[in-house]
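Each remark here refers to the structure printed beneath this line.
Remember, predicted model here, so these are calculated numbers, not experimental data.
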Amino acid sequence: MPGKWSDSTRRRQLPPNWQQLRREIRERAAGRCEWIDDDGRRCSLPGRECDHITPGPDHSLANLQWLCPGHHATKSSREGNAARARVRRPPEKHPGLL
């Protein structure tokens with residue numbers, strides 16, 4: 001069964017030093033998820049995934065964070081839902097007006 005990256009072009013968009021950046025982010029986070037909940041508390045789970053805070057080509061350390069898989073999925077889902085909400089079809093003409 002193919003992995004989630006098998007048909008994605010995102011890996012090719014990462015900089016050549018991506019593994020080094022991941023290590024730096026993991027070390028900065030002390031291996032712990034950097035997600036902050038609504039009460040201002042940091043997640044206590046170990047992180048495993050490097051995430052872009054603001055999606056796009058900015059691979060600077062300031063735009064990267066270390067997240068546990070659950071919080072990474074939550075953030076990605078929110079971003080996907082927001083993107084879908086921005087895509088609107090043009091309104092259809094009412095059938096009685098055609």
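Heavy-atom minimum distance, Arg32 versus Cys43: NE-O, 3.0 Å. The minimum heavy-atom distance between Ala29 and Arg42, with the atom names listed, is O-NH2, 2.9 Å.
Contact check for Pro57 versus Gln13: no side-chain heavy atoms found under the 4.5 Å cut-off.
One hydrophobic cluster, built from ILVMFWY side chains closer than 4.5 Å, cannot hold both Ile36 and Leu67; they sit in different ones.
Applying the under-4.5 Å side-chain rule to Ile, Leu, Val, Met, Phe, Trp and Tyr, the cluster around Leu45 consists of that residue alone.
With hydrogens and angles disregarded, a donor-acceptor distance shorter than 3.5 Å links the side chain of Trp66 to the backbone of Gly47.
Partners of Asp39 under the side-chain contact (heavy atoms from CB on, under 4.5 Å) rule, at least two apart in sequence or in another chain, are Asp37, Arg41. Under the rule for a side-chain hydrogen bond (donor to acceptor under 3.5 Å, both in side chains), Ser44 has no partner lying at least two apart in sequence or in another chain.
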Result block: side-chain N/O donor-acceptor pairs under 3.5 angstrom for residues 73-82, not counting sequence neighbours:
from, atom 1, to, atom 2, distance (Å)
Thr74, OG1, Gly70, O, 3.0
Lys75, NZ, Asp51, OD1, 3.4
Lys75, NZ, Asp51, OD2, 3.1
Lys75, NZ, His52, O, 2.8
Lys75, NZ, Ile53, O, 3.4
Lys75, NZ, Glu79, OE2, 2.4
Ser76, OG, His72, O, 3.1
Asn81, OD1, Arg84, NH2, 2.6
Asn81, ND2, Ser77, O, 3.3

Just list the side-chain donor-acceptor pairs under 3.5 Å for residues 16-26, sequence neighbours left out, or say none.
from, atom 1, to, atom 2, distance (Å)
Gln20, NE2, Glu24, OE2, 3.1
Arg22, NH2, Arg48, O, 3.3

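For residues 22-41, the pairs satisfying ring pair (Phe, Tyr, Trp, His ring centres under 6.0 Å) are Trp35-His71, with sequence neighbours left out.
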